[in-house]
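Comments concern the structure below.
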Amino acid sequence: IFPIQFLDSEKLELRQPITVRSIYSPQSNVYVVDHFELNIYGEGRDEQEAIGDFKLSLEETYFNLRNEKDKLGPALLKEWQILDKVIKEK
């Protein structure tokens, strides 16, 4: 478990660090980085690659939810509210 402080994005930045966890899966020989409240994860051959993939997934999810925020059900609306609280557009 560790914080991510920067998104390395041209479009978004974090208002505050977000806490993620990293798990190694020996069955598939990959690292998985995920956030406990969001249905977002990244995978990679090493932890850094998984973090990079997570950041891309986070950005993609942010824009998808933002564009559909008026149509979201309760679970996705909760995800959007979390993302909107911790991420801002540049």
Side-chain angles (χ1 to χ4, degrees):
I1 295 177
F2 57 91
I4 290 182
Q5 299 184 36
F6 304 100
L7 290 180
D8 304 320
S9 168
E10 295 181 7
K11 300 175 185 174
L12 302 175
E13 59 187 37
L14 290 173
R15 297 176 196 265
Q16 63 191 51
I18 58 171
T19 302
V20 298
R21 68 178 176 166
S22 177
I23 301 168
Y24 178 70
S25 172
Q27 297 89 353
S28 53
N29 198 31
V30 296
Y31 284 85
V32 176
V33 171
D34 66 2
H35 184 275
F36 68 97
E37 285 185 287
L38 302 170
N39 190 23
I40 301 172
Y41 68 93
E43 295 180 336
R45 293 171 292 200
D46 59 39
E47 194 170 69
Q48 289 304 314
E49 189 175 288
I51 291 168
D53 190 49
F54 174 84
K55 290 177 179 182
L56 290 174
S57 296
L58 188 67
E59 183 173 323
E60 183 179 288
T61 301
Y62 175 89
F63 285 113
N64 287 340
L65 295 178
R66 184 199 69 181
N67 293 339
E68 300 291 327
K69 65 183 172 186
D70 296 330
K71 304 172 190 172
L72 300 175
L76 290 176
L77 182 59
K78 181 179 177 185
E79 283 188 36
W80 166 247
Q81 290 167 340
I82 293 168
L83 289 175
D84 192 40
K85 181 180 174 184
V86 300
I87 295 175
K88 67 179 180 179
E89 294 184 44
K90 290 183 176 179

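Just the heavy atoms: all of them, side chains too, but no hydrogens, waters or symmetry mates, feed the values below. All residue numbers refer to positions in the sequence shown, counting from 1.
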*Is any side-chain heavy atom of D34 closer than 4.5 Å to a side-chain heavy atom of V20?*
no
_Residue pair K88, L12: steps toward the side-chain contact (heavy atoms from CB on, under 4.5 Å) verdict_ = CA-CA 6 Å; K88 67 179 180 179; L12 302 175; over 6 Å; no
*Scan for ring-ring contact (aromatic ring centres under 6.0 Å, His included) pairs involving residues 58-90, sequence neighbours excluded, and state none if there are none.*
Y62-W80
_Distance check, rounded to the nearest 0.5 Å: L38 atom CG versus K78 atom NZ?_
9.5 Å
*Quick one: side-chain hydrogen bond (donor to acceptor under 3.5 Å, both in side chains) partners of E68, sequence neighbours excluded?*
none
*Atom CG of N39 with >12 non-hydrogen neighbours under 6.0 angstrom*: no
*Which residues satisfy the side-chain contact (heavy atoms from CB on, under 4.5 Å) test with I23, sequence neighbours excluded?*
R21
_side chain to side chain donor-acceptor pair (under 3.5 Å) partner of S9, the single match among K90, K55, E89, E59_ = E59
*If we only count heavy atoms from C-beta on, is the L14 to F6 side-chain gap below 4.5 Å?*
no
*Gap between atom CZ of R66 and atom CG of L83 - 0.5 Å precision*: 12.0 Å
*Just wondering, do R15 and K85 contact through their side chains at under 4.5 Å, heavy atoms?*
no
*Give the cluster check for L77 versus I40: same hydrophobic cluster or not, with ILVMFWY residues linked at side-chain heavy-atom distances below 4.5 Å.*
yes
*Out of curiosity, I51 CD1 to L7 CG, how far, rounded to the nearest 0.5 Å?*
12.0 Å
*Identify the heavy atoms of G42 and D53 that sit nearest to each other, and give their distance.*
CA-OD2, 3.2 Å
*Which distance, rounded to the nearest 0.5 Å, do you find between the CD of E43 and the OG of S57?*
9.0 Å
*Please report the closest heavy-atom contact between Y31 and S22, naming both atoms and the distance.*
CD2-OG, 3.8 Å
*May I ask you to test the L76-L65 pair for a side-chain heavy-atom distance under 4.5 Å?*
yes
*Rest of the hydrophobic cluster containing Y41 (Ile/Leu/Val/Met/Phe/Trp/Tyr, side-chain heavy atoms under 4.5 Å)?*
V30, V32
*How far apart are the C-alpha atoms of I18 and L58, what are their side-chain angles, what is the distance that settles it, and do they pass the side-chain contact (heavy atoms from CB on, under 4.5 Å) test?*
CA-CA 11 Å; I18 58 171; L58 188 67; 3.8 Å; yes
*Can you list the residues that meet the side-chain contact (heavy atoms from CB on, under 4.5 Å) rule with Q5, with sequence neighbours excluded?*
P3, P17
_L72 CG to Q81 CD distance, which is reported to the nearest 0.5 Å_ = 9.5 Å
_The criterion is side-chain contact (heavy atoms from CB on, under 4.5 Å); which residues satisfy it with T19, sequence neighbours excluded?_
I1
